[in-house]
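Scroll down for the structure; my scribbles are underneath it.
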Amino acid sequence: MAPSFCVSFFFSLLLAILWICPTYGRLSVKVSENVLKEICSDHEDPPFCLQALKSDHHTQSVDLVGLTNISIHLVDVAANKTLALIRSLIKTVDPELKKHLDDCLKMYDATISETEDAKTALKAHDYETVNVASDSCMTNAETCTDTTTTSAPRLQQENKNMRYLCETFVVVSNHLL
């Protein structure tokens with residue numbers, strides 16, 4: 001009975017290694033220019049995606065996990081910047097627009113919280129949670145875009161930028177799965 005258990009255990013271990021290694025190997029390989037173009041080809045605006053990712057000088061030396069971290073950082077910075085804009089606009093607008101801005105404020109607060117969750121999940125190699133956070137980011141940016149009016153053109157531009165950065169986060173994190 002012991003020899004067959006050892007053979008079964010060894011075979012199971014071998015299968016697990018073969019299953020894990022290609023995934024890990026794919027994630028730990030440095031991202032080339034061709035890989036960046038492939039990832040960004042899924043974006044609504046591929047040049048925006050490429051430019052955003054290349055704006056970080058670390059991009060040229062990171063793997064897919066590092067690239068995901070860069071995309072999270074880009075979203076985090078933009079969300080905080082837009083949140084500050086919303087807070088300044090709330091003080092100077094009419095009550096109807098204020099209601100919409102309050103909704104956006106909640107969306108951007110949620111996005112900042114989700115980027116923190118994504119950072120933690122990325123460190124834990126929980127790529128499904130990272131991907132869910134990227135989808136939530138996209139939804140939040142779209143929701144804010146839908147609730148603002150032409151009374152806040154600067155916010156509309158920031159929302160568009162944010163939506164594109166969230167989409168960049170989505171297309172990068174999709175390659176983790």
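Look at K98 and D102 and you find a salt bridge, because one of the NZ, NE, NH1 or NH2 atoms lies within 4.0 Å of a carboxylate O, short of that distance.
Every pair passing disulfide (SG to SG under 2.5 Å) that includes a residue from residues 47-84 is listed here, sequence neighbours excluded: C40-C49. Residues in residues 71-101 take part in no disulfide (SG to SG under 2.5 Å) pair, two or more places apart or across chains. Annotation: salt bridge (Lys or Arg N to Asp or Glu O under 4.0 Å) contacts involving residues 69-80, sequence neighbours excluded, comprise D76-K119.
Residues satisfying the side-chain contact (heavy atoms from CB on, under 4.5 Å) test with V35, not counting sequence neighbours, are V31, S32, I39. With sequence neighbours excluded, the residues satisfying side-chain contact (heavy atoms from CB on, under 4.5 Å) with K81 are E158. Remark: K99 engages D103 in a salt bridge (charged side-chain N to carboxylate O under 4.0 Å, His left out) (not counting sequence neighbours). Scored by the side-chain contact (heavy atoms from CB on, under 4.5 Å) test, E44 finds R163, Y164, E167 as partners (sequence neighbours excluded). With sequence neighbours left out, T111 forms a side-chain hydrogen bond (donor to acceptor under 3.5 Å, both in side chains) with N140. With sequence neighbours left out, the side-chain hydrogen bond (donor to acceptor under 3.5 Å, both in side chains) criterion links K54 to E33. Listed by chain and number, the residues in a side-chain contact (heavy atoms from CB on, under 4.5 Å) with T59 are L36, D56, L67, I70 (sequence neighbours excluded). Scored by the salt bridge (charged side-chain N to carboxylate O under 4.0 Å, His left out) test, K160 finds no partners at all (sequence neighbours excluded). Checked against salt bridge (charged side-chain N to carboxylate O under 4.0 Å, His left out), D109 has the following partners two or more places apart in sequence or in another chain: R87.
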key: Stepwise side chain to side chain contact (heavy atoms under 4.5 Å, CB included) test for L101 and L105   = CA-CA 6 Å; L101 292 174; L105 193 70; over 6 Å; no
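Using a 4.5 Å heavy-atom threshold, the side chains of V170 and M138 count as touching. The side-chain heavy atoms of K30 and V62, taken from C-beta on, include no pair separated by under 4.5 Å. Within the 4.5 Å cutoff, the side chain of D42 has heavy atoms near those of the H175 side chain.
In this structure, M107 is not a member of the same hydrophobic cluster as I72, with clusters built from ILVMFWY side-chain heavy atoms closer than 4.5 Å.
Just one residue in the list D126, L122, N131 forms a side-chain contact (heavy atoms from CB on, under 4.5 Å) with L176, and that residue is L122. Partner L74 forms a side-chain contact (heavy atoms from CB on, under 4.5 Å) with one of T115, L165, V172, N161 and no other, that one being L165.
In this structure, OH on Y127 lies 12.0 Å from OG on S173, to the nearest 0.5 angstrom. Between the SG atom of C144 and the NZ atom of K106 there is a distance of 12.0 Å, given to the nearest 0.5 Å. Remark: L85 CG to N159 CG distance equals 8.5 Å, nearest 0.5 Å. How far CD of Q51 is from OG1 of T168: 10.5 Å, rounded to the nearest 0.5 Å. Within the model, atoms CG of D117 and CD1 of I112 stand 12.5 Å from one another, a figure rounded to the nearest 0.5 Å.
The minimum heavy-atom distance linking H43 with V171 is given by the pair N-CG1, 4.1 Å. The two atoms that bring C137 and M162 nearest to each other are SG-CE, 4.3 Å, heavy atoms only. Annotation for F169 and A118: closest pair CZ-CB, 3.9 Å, computed over non-hydrogen atoms.
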